[in-house]
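Note that the structure is predicted; figures quoted are calculated from it, not measured. Below, chain A is the first sequence line, B the second, and so on; all start at residue 1.
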There are 2 protein chains.
Amino acid sequence: MVVRKPRLGPDDWTAAALTAIGEQGLTGVAVEPLSTRLGTTKGSFYWHFANRDALLEAALSSWDETYTDAILRTVDAEPGPVARLRALFVAVTASERAPVEVHLHAAADHPAVAPAMRRAVARRTAYIAAQLTALGFDQAEADRRALFAYATYLGHIQLVVRIPEAVPTGAALEAYLDTVLAAVLGTQDQTGTGASSSAAAAGRASDSSANSASSNRSSLSP
Amino acid sequence: MVVRKPRLGPDDWTAAALTAIGEQGLTGVAVEPLSTRLGTTKGSFYWHFANRDALLEAALSSWDETYTDAILRTVDAEPGPVARLRALFVAVTASERAPVEVHLHAAADHPAVAPAMRRAVARRTAYIAAQLTALGFDQAEADRRALFAYATYLGHIQLVVRIPEAVPTGAALEAYLDTVLAAVLGTQDQTGTGASSSAAAAGRASDSSANSASSNRSSLSP
DNA sequence: GTCTCTCCATACGGTTCCGTATGGAGGTGA
DNA sequence: TCACCTCCATACGGAACCGTATGGAGAGAC
């Protein structure tokens with residue numbers, strides 16, 4: 001019986017490239033190894049793509065959609081800022097997304113990767129900051145805390161991928177997430193920035209009653 | 001006039017390797033490029049080292065001493081836990097150490113790098129946790145917060161190196177550091193872990209009066 | 001001076017990848 | 001059926017490395 005050899009399209013290559021990034025980082029995006037893996041040859045690849053960089057661009061574009069757009073859409077359906085932030089934290093930590101994220105951030109010196117990372121960081125921190133301003137923090141404090149949260153996220157997934165034994169699991173991870181979320185939302189009585197403690201307290205108080213405007217949905221495109 | 005050609009020793013190669021790691025990561029540790037850079041040839045290298053991995057090991061060993069031992073010794077001379085933590089934060093963020101740290105963490109999947117990173121993470125988080133227990137936090141809470149702090153550090157230096165425009169500078173960086181330090185030291189009234197708020201308050205109160213034992217110096221080797 | 005040991009230069013083969021050239025195999029429309 | 005168009009296989013040249021082999025150049029011991 002002859003094995004059916006389904007013909008490949010560009011999407012097959014970009015998907016394989018993203019998988020390879022998750023496993024080996026940018027060096028995994030190599031034409032000849034990917035060819036072997038897909039059971040085909042370089043001839044196929046260079047029919048669909050001009051060169052390796054073109055494949056990388058396509059993979060990064062796909063990453064944009066899957067790893068930022070999609071998740072922010074999902075999280076934004078939650079009923080309030082605190083619920084959105086919590087859902088975001090849970091979604092991005094407990095998953096198989098981490099390896100791709102870590103490897104891509106680690107390759108941000110590559111000229112094709114750098115702009116993609118800049119876009120992602122800007123959009124993600126802006127989204128977090130928007131939730132925080134909705135809770136009453138002024139813009140500067142919201143930006144500061146959003147960056148703080150994002151840095152913690154970055155370090156966390158890095159530890160998960162590189163030194164997994166250093167990161168707690170199960171209930172301990174839950175407690176850890178509570179610690180982080182409380183730190184991001186919590187009041188701060190040391191600096192004189194004037195983040196209203198009432199807003200922070202309201203944020204901690206409940207997940208379902210912290211809407212600040214008429215819409216139940218925050219803006220997604222800053 | 002003839003240019004003096006000083007003969008090289010192993011240390012010259014390891015220093016060059018560390019510099020290359022800071023600039024290009026592990027791929028910078030390549031024999032032929034390093035040879036060109038040092039104005040010599042491969043023949044010199046393979047006299048001093050068995051192979052590329054041997055050079056990498058030597059560079060990692062040097063990194064251990066410079067980037068963990070030395071800095072913890074310096075910081076530990078500060079008068080109290082809070083001062084130590086603050087000095088640690090300042091030392092590790094505002095410096096040229098970041099690129100090497102980031103590139104090495106990014107290469108923690110390499111079999112030679114992985115154990116070095118595990119050692120470093122373990123020692124550093126243990127040191128932070130020791131300061132926190134000295135402030136009255138119980139071990140579990142101290143471990144949690146130490147990991148939290150280390151994750152934030154990791155993410156921060158990564159942003160500094162990869163997306164520098166996302167990170168504040170000058171006074172804004174100071175405020176940002178205050179935010180982080182307050183989050184690590186601050187009280188936390190949400191989970192029921194029982195970290196005594198008085199200890200946290202004492203930690204916030206002053207830098208010079210928080211010694212918990214007779215010695216002015218905390219233990220360095222957990 | 002010359003012996004010897006340390007250190008380096010040069011040349012070579014091997015591996016892994018990129019990109020090109022070129023010749024088909026197999027389906028599709030007229 | 002037959003020309004054509006899409007897709008893939010194979011072969012080749014080149015670049016950037018790693019590691020080995022071997023022949024010196026220089027400096028100190030005597």
Side-chain angles (χ1 to χ4, degrees), chain A residues 1-60 103-104 106-107 109-114, chain B residues 1-60 103-104 106-107 109-114:
Chain A
M1 56 198 249
V2 179
V3 179
R4 301 272 305 133
K5 287 189 70 174
R7 300 190 144 191
L8 301 177
D11 293 350
D12 299 299
W13 288 94
T14 61
L18 258 188
T19 307
I21 289 175
E23 292 170 1
Q24 310 174 263
L26 269 205
T27 53
V29 186
V31 178
E32 286 171 354
L34 282 183
S35 301
T36 318
R37 188 139 121 180
L38 287 173
T40 181
T41 63
K42 294 166 51 171
S44 169
F45 174 80
Y46 282 102
W47 173 259
H48 296 292
F49 295 90
N51 50 31
R52 183 194 176 236
D53 278 345
L55 172 63
L56 194 55
E57 297 277 4
L60 288 171
H103 282 122
L104 275 188
D109 51 341
H110 188 286
V113 180
Chain B
M1 56 199 255
V2 178
V3 180
R4 301 273 306 133
K5 287 189 71 176
R7 298 191 146 191
L8 302 177
D11 293 350
D12 299 299
W13 288 94
T14 61
L18 258 188
T19 307
I21 288 175
E23 293 170 359
Q24 311 174 261
L26 269 205
T27 53
V29 186
V31 179
E32 287 171 353
L34 282 184
S35 302
T36 318
R37 189 138 121 179
L38 286 174
T40 182
T41 63
K42 293 165 52 170
S44 170
F45 174 80
Y46 283 101
W47 173 260
H48 296 292
F49 294 91
N51 49 31
R52 184 195 174 231
D53 279 345
L55 172 62
L56 194 54
E57 298 277 3
L60 288 170
H103 283 124
L104 275 187
D109 51 341
H110 188 286
V113 179

Side-chain donor-acceptor pairs under 3.5 Å in residues 15-30 of chain A, sequence neighbours left out?
from	atom 1	to	atom 2	distance (Å)
A:Thr19	OG1	A:Ala15	O	2.9
A:Glu23	OE1	A:Arg37	NH1	3.0
A:Glu23	OE1	A:Arg37	NH2	3.3
A:Thr27	OG1	A:Gln24	O	3.1

Legend entry - Sequence-aligned protein contact record of nucleotides 15-20 of chain D, with B where the base is within under 4.0 Å of a protein heavy atom and S where only the sugar-phosphate is: --BBBB
Legend entry - Residues that A:Glu57 engages under salt bridge (charged side-chain N to carboxylate O under 4.0 Å, His left out), provided they are two or more places apart: none
Legend entry - Atom pair distance, as rounded to whole Å: CG in A:Leu34 and P in C:dG19: 13 Å
Legend entry - Nucleotide C:dG23, atom P - distance to CH2 of A:Trp47 in whole Å: 16 Å
Legend entry - Rounded distance in Å - CG (A:Asp12) to C1' (D:dC8): 14 Å
Inset, instruction - Find out whether B:Leu38 and B:Trp13 are in side-chain contact, i.e. whether some heavy atom of one side chain is under 4.5 Å from a heavy atom of the other. - result: yes
Legend entry - Side-chain heavy-atom pair B:Val31, B:Phe49 within 4.5 angstrom cut-off: no
Inset, instruction - Please examine the side chains of A:His48 and A:Asp12, heavy atoms only from C-beta on, and report whether any two atoms are closer than 4.5 Å. - result: no
Inset, instruction - Give a yes/no on whether any side-chain N or O of B:Thr40 is located under 4.0 angstrom from OP1 or OP2 of C:dA9. - result: yes
Legend entry - Within-4.5 Å side-chain heavy-atom neighbours: A:Arg52 and A:Leu34: no
Inset, instruction - Please determine if a side-chain N or O atom of B:His48 lies less than 4.0 Å away from the OP1 or OP2 oxygen of C:dT6. - result: no
